[in-house]
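Residue numbering restarts at 1 for every chain, and letters A, B, ... go by the order of the sequence lines. Atom set for the values below is all heavy atoms of this structure, side chains included, hydrogens, waters and symmetry mates excluded. Please read all numbers here as calculations on a predicted model, not as lab measurements.
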2 protein chains.
Amino acid sequence: MRKIKLTISYVGKNYNGWQKQKNGMGIQTILEDAIKKATGEDVELFGAGRTDAGVHALGQVAHFETNSKIDAQKFYYAINQFLPDDIKVLSSCEVGKDFHSRFSAKKKTYVYKFYASEVILPLCEFDAVKVNSKFSFNSAKKAIKYFKGTHNFKAFCSSGTNVKTTTRTIYDIKLKQDEKGIYNLFISGNGFLYNMVRIIAGTIVEVGLGIKEAKSIKDIFASEKRDNAGRTMPANGLTLFKIEYE
Amino acid sequence: MRKIKLTISYVGKNYNGWQKQKNGMGIQTILEDAIKKATGEDVELFGAGRTDAGVHALGQVAHFETNSKIDAQKFYYAINQFLPDDIKVLSSCEVGKDFHSRFSAKKKTYVYKFYASEVILPLCEFDAVKVNSKFSFNSAKKAIKYFKGTHNFKAFCSSGTNVKTTTRTIYDIKLKQDEKGIYNLFISGNGFLYNMVRIIAGTIVEVGLGIKEAKSIKDIFASEKRDNAGRTMPANGLTLFKIEYE
């Protein structure tokens with residue numbers, strides 16, 4: 001048995017998220033079906049990040065075990081033949097027996113994209129979310145520093161998952177505006193709680209809109225109450241950007 | 001009669017370009033129909049850049065004359081109600097009688113987006129074009145400087161339009177790679193010949209692929225022969241970025 005690591009990109013719009021779904025299409029299942037067509041094997045694919053319905057990926061990582069003789073470096077090509085246009089494997093390689101796409105990951109980076117406008121931008125709306133045109137970049141930037149480092153993110157996650165601890169470490173967080181005027185919020189960390197990136201993005205947006213003050217973020221952390229944080233931003237603005245390993 | 005200036009964004013995919021079409025949908029016609037629904041008037045809309053089928057716009061500009069009493073600043077809102085999701089007016093204002101969207105324009109900027117990959121990137125393919133993974137950014141950058149300034153661009157345009165002169169001035173041209181790894185070729189100039197941006201992009205890509213040498217671009221200009229320049233890159237990588245006036 002060899003272990004194969006895949007790097008995968010997808011547009012989330014047409015799927016019910018990464019995980020296998022009882023009703024509806026999970027990206028994991030579509031990939032497992034494509035691997036079966038390529039190898040003849042029933043495999044179980046383990047993803048690094050269980051992206052929600054509508055969330056995109058530029059660098060999702062997943063692994064599976066196989067007896068197939070397909071060259072590890074060419075696996076992506078064999079699988080892509082059986083995938084729809086909005087899901088593609090970008091690369092493949094063999095990894096050691098100890099590798100696990102999720103548990104071996106050292107750093108995960110997400111990007112949340114939004115723009116301030118009176119009108120929905122047709123060229124941007126599939127992976128960026130419109131916010132009120134009153135949004136102030138300078139105000140929002142003041143909120144960024146409060147999230148960096150190791151914190152208890154209990155106020156910044158939705159209930160619905162069992163986790164041992166709500167403490168996570170944000171290695172890096174930055175808000176940049178690109179040439180189109182789109183804001184890109186990049187967040188890197190050792191792991192993320194349920195809806196954590198979308199709630200952090202919503203809190204930063206609310207600071208930019210003057211609904212919240214940047215310095216109140218300290219109190220929101222301390223309160224450990226979800227209701228005190230900002231809105232959960234829509235799924236389609238979120239992209240799993242990359243997963244890094246040692 | 002007042003003259004109204006519109007700034008417009010659209011996704012080119014579903015349309016046969018800006019201009020009125022005998023067969024098929026031109027974006028100009030769709031906007032004129034929407035203005036008629038908003039004002040009750042038959043107007044003629046003059047666009048700054050006649051984008052080809054499949055080409056996108058983030059900042060197309062157009063003007064029309066009207067007797068309508070709609071507030072100039074709110075015209076965009078009235079028109080948007082009658083537009084499909086992939087065409088939107090971003091803003092509107094009143095301009096002087098001498099204003100012409102095309103002839104008053106001082107500077108036009110296009111962006112051509114592409115990426116070097118073995119696999120089509122699902123998240124990028126609607127407005128960026130895949131090129132061979134052998135593409136070298138460093139090689140391609142050497143080609144950029146040859147295009148800046150005033151030149152006879154006869155070798156860098158397709159036949160099919162009558163123009164008095166094929167001399168144009170490129171004010172600025174730069175090739176940047178964004179966080180996703182996508183190359184953005186920004187070109188600003190006083191005007192562009194038919195397919196000129198797509199042929200310049202194709203020539204730069206061919207230098208990046210080692211098919212052409214950067215220094216050969218001088219000879220291509222001198223030859224005035226279209227066949228000596230690079231390929232015409234596909235329409236869907238091109239976006240009319242902005243039009244500037246005094």
Side-chain angles (χ1 to χ4, degrees), chain A residues 6-15 27 55-60 73-77 79-81 83-92 109 111 113 115 117-128 130 133 174 176 178-182 184-186 188 236 238-242, chain B residues 6-15 27 55-60 73-77 79-81 83-92 109 111 113 115 117-128 130 133 174 176 178-182 184-186 188 236 238-242:
Chain A
L6 306 177
T7 303
I8 303 152
S9 178
Y10 46 82
V11 177
K13 191 170 69 173
N14 298 318
Y15 302 99
I27 292 158
V55 174
H56 316 294
L58 198 66
Q60 170 72 290
Q73 308 283 335
K74 299 212 170 133
F75 238 114
Y76 76 93
Y77 185 80
I79 301 170
N80 279 340
Q81 297 177 66
L83 286 173
D85 287 346
D86 50 7
I87 304 177
K88 288 294 168 204
V89 182
L90 305 184
S91 63
S92 54
T109 303
V111 58
K113 295 175 73 177
Y115 57 94
S117 171
E118 299 271 330
V119 181
I120 283 183
L121 294 177
L123 262 178
C124 306
E125 55 94 31
F126 97 104
D127 72 345
K130 185 181 97 59
S133 61
K174 53 193 174 202
K176 300 202 266 185
D178 69 15
E179 280 96 352
K180 282 183 183 174
I182 308 295
N184 288 253
L185 177 68
F186 286 91
S188 301
N236 67 303
L238 185 60
T239 299
L240 173 50
F241 194 66
K242 67 177 168 185
Chain B
L6 305 177
T7 302
I8 304 152
S9 178
Y10 45 82
V11 176
K13 191 171 71 173
N14 299 318
Y15 302 98
I27 292 158
V55 174
H56 315 293
L58 198 66
Q60 170 72 288
Q73 309 282 336
K74 299 214 170 130
F75 236 115
Y76 77 92
Y77 186 79
I79 300 170
N80 279 341
Q81 297 178 64
L83 286 173
D85 287 345
D86 52 5
I87 304 178
K88 288 292 169 204
V89 182
L90 305 185
S91 63
S92 54
T109 302
V111 58
K113 294 176 73 176
Y115 57 95
S117 172
E118 299 271 329
V119 181
I120 284 183
L121 294 178
L123 263 178
C124 306
E125 55 95 29
F126 97 103
D127 71 345
K130 186 182 96 59
S133 61
K174 54 193 172 201
K176 299 202 268 186
D178 68 18
E179 280 97 353
K180 282 184 183 173
I182 309 294
N184 288 255
L185 177 68
F186 286 92
S188 301
N236 67 304
L238 185 60
T239 299
L240 173 50
F241 193 68
K242 66 177 170 186

Residue B/L90 versus chain A: region with a heavy atom under 4.5 Å | both
So which part of A/L58 gets closer than 4.5 Å to some heavy atom of chain B, the side chain, the backbone, both or neither?
-> both
Kindly give the heavy-atom pair with the smallest separation between B/V11 and A/P122, and that separation in Å.
-> CG2-O, 3.3 Å
Residues A/K180, B/D178: salt bridge by 4.0 Å N-O rule | no
Examine whether an atom of B/D85 lies under 4.5 Å from a heavy atom of chain A, and if so say whether it belongs to the side chain, the backbone or both; otherwise answer neither.
-> backbone
For B/T239, is it the side chain, the backbone, both or neither that has a heavy atom under 4.5 Å from a heavy atom of chain A?
-> side chain
Counting only heavy atoms closer than 4.5 Å, note whether B/V89 contacts chain A via side chain, backbone, both or neither.
-> backbone
Any side-chain donor paired with an acceptor under 3.5 Å for B/Y76 and A/E118?
-> yes
List the steps and the verdict of side chain to side chain contact (heavy atoms under 4.5 Å, CB included) for B/F126 and A/L123.
-> CA-CA 9 Å; B/F126 97 103; A/L123 262 178; 3.9 Å; yes
Look up atom CG in A/D127 and atom SG in B/C124, then write down how far apart they are to the nearest 0.5 Å.
-> 8.5 Å
Is atom OH of A/Y77 surrounded by more than 12 heavy atoms (other residues, nucleotides or ligands) closer than 6.0 Å?
-> no
Report the option among B/K88, B/E179, B/K242 that has the most heavy-atom pairs separated by less than 4.5 Å from atoms of chain A.
-> B/E179
